[in-house]
J.: 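Just passing along the structure, written as structure tokens.
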Amino acid sequence: MATFIVLLGPPGVGKGTQARILAEHLKLAHISSGDLFRENLKGQTELGRLAQTYMNKGELVPDDVTIAMIRERLTRPDCKAGAILDGFPRTTAQADALEKMLKEFGGKVDKVPYVTAPEKVLVERLSGRWTCRAQGHVYHDKNNPPKQAMVCDIDGSELYQRDDDKSETVVRRIQVYLEQTAPLIAYYRSRGTLVEIDGTQNIEKVTKAFMSALEK
Ligand code: AP5
């Protein structure tokens with residue numbers, strides 16, 4: 001049976017960093033809704049142009065288009081064994097839709113690691129983040145610097161700062177998380193799938209905490 005893991009937590013807590021490591025380790029697909037929107041933006045698709053208007057303001061992209069995008073992604077062959085969902089669901093309507101979709105595909109949400117860190121840490125991580133243009137690998141100028149400044153260690157592409165990592169947008173993203181996404185903590189806790197992870201530790205320690213939580 002396929003395994004589906006939903007990573008829950010505020011912007012900048014380290015979901016993308018851990019999702020990449022875990023997907024490789026567990027041989028599961030990594031589905032990042034933010035990366036999918038950014039790919040559409042780069043390809044200048046209609047979806048990309050629509051998403052940009054919300055992303056630049058730190059608001060959520062409407063549920064219907066987001067759900068349709070994830071549904072399509074889940075039907076690709078690399079999701080046969082399951083996936084790590086990073087950034088989706090972000091609203092109760094998205095969580096209900098995911099439950100229905102996975103039921104259709106013969107699966108369910110198996111575990112929901114919920115990663116936490118205080119707001120001060122989130123702001124510090126987002127303001128120091130550098131992202132690679134080619135594949136979205138992430139670095140941090142202090143916590144996780146690339147070997148060569150402005151160059152991705154993995155694919156050699158240029159590193160850039162995301163538009164939505166500007167301080168005023170970061171504040172709004174955290175607010176939107178608290179209003180619209182935080183209710184999912186209770187949603188998944190009531191289903192018995194939530195496991196809390198302390199996201200303030202260094203990257204290696206957080207990965208270890210994930211592995212032991214997922215083994216349980
Ligand atoms: P998205 O791209 O999903 O952004 P996010 O959820 O805000 O998450 P981030 O990518 O900012 O942070 P992260 O937790 O992945 O942290 P990271 O690993 O990079 O969404 C962007 C936008 O798209 C949304 O605002 C919305 O508009 C739209 N969108 C996306 N999904 C949607 C949905 N489902 N519905 C509607 N709209 C949606 O780490 C951050 C930094 O910290 C990095 O520099 C990293 O190197 C560093 N770091 C990571 N871990 C550690 C550690 N343990 N110690 C020290 N530093 C660390």
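Indexing begins at 1, ligand by ligand and atom by atom, following the structure's order.
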J.: Is Phe88 in polar range of ligand 1, meaning some N or O pair under 3.5 Å apart?
T.: no
J.: Examine Val206 against ligand 1 and note whether any of their N/O atoms are separated by less than 3.5 Å.
T.: no
J.: Mind checking whether Gln201 has a heavy atom under 4.0 Å from ligand 1?
T.: yes
J.: Any side-chain hydrogen bond (donor to acceptor under 3.5 Å, both in side chains) involving residues 204-214? Give me the pairs, sequence neighbours left out, ordered by first then second residue.
T.: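 Only Gln18-Thr207 qualify under side-chain hydrogen bond (donor to acceptor under 3.5 Å, both in side chains).
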J.: Examine ligand 1 and decide if any of its atoms is less than 4.0 Å from a heavy atom belonging to Arg38.
T.: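 Distance cut 4.0 Å: Arg38 passes for ligand 1.
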J.: Pull out every atom of ligand 1 sitting under 4.0 Å from any heavy atom of Glu59, numbered as shown with elements.
T.: 26 (C), 27 (O)
J.: Would you kindly specify which portion of Val61 sits under 4.0 Å from ligand 1, judged on non-hydrogen atoms: side chain, backbone, both or neither?
T.: both
J.: Please lay out, stage by stage, how Leu26 and Ile5 fare under the test side-chain contact (heavy atoms from CB on, under 4.5 Å).
T.: CA-CA 11 Å; Leu26 301 172; Ile5 297 165; 4.0 Å; yes
J.: Do Arg162 and Asp164 meet the salt-bridge criterion of a basic N to acidic O distance under 4.0 Å?
T.: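 Result for this pair is yes, salt bridge flagged.
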J.: Under a heavy-atom criterion of less than 4.0 Å, does Gln18 contact ligand 1?
T.: no
J.: What part of Trp130, side chain, backbone, both or neither, has a heavy atom within less than 4.0 angstrom of ligand 1?
T.: neither
J.: Looking only at heavy atoms, is any part of Asn202 under 4.0 Å from ligand 1, and if so is it the side chain, the backbone, or both, or is it neither?
T.: backbone
J.: Restricting to side-chain hydrogen bond (donor to acceptor under 3.5 Å, both in side chains), what partner residues turn up for Gln201, sequence neighbours left out?
T.: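 Gln201: no side-chain hydrogen bond (donor to acceptor under 3.5 Å, both in side chains) contacts found.
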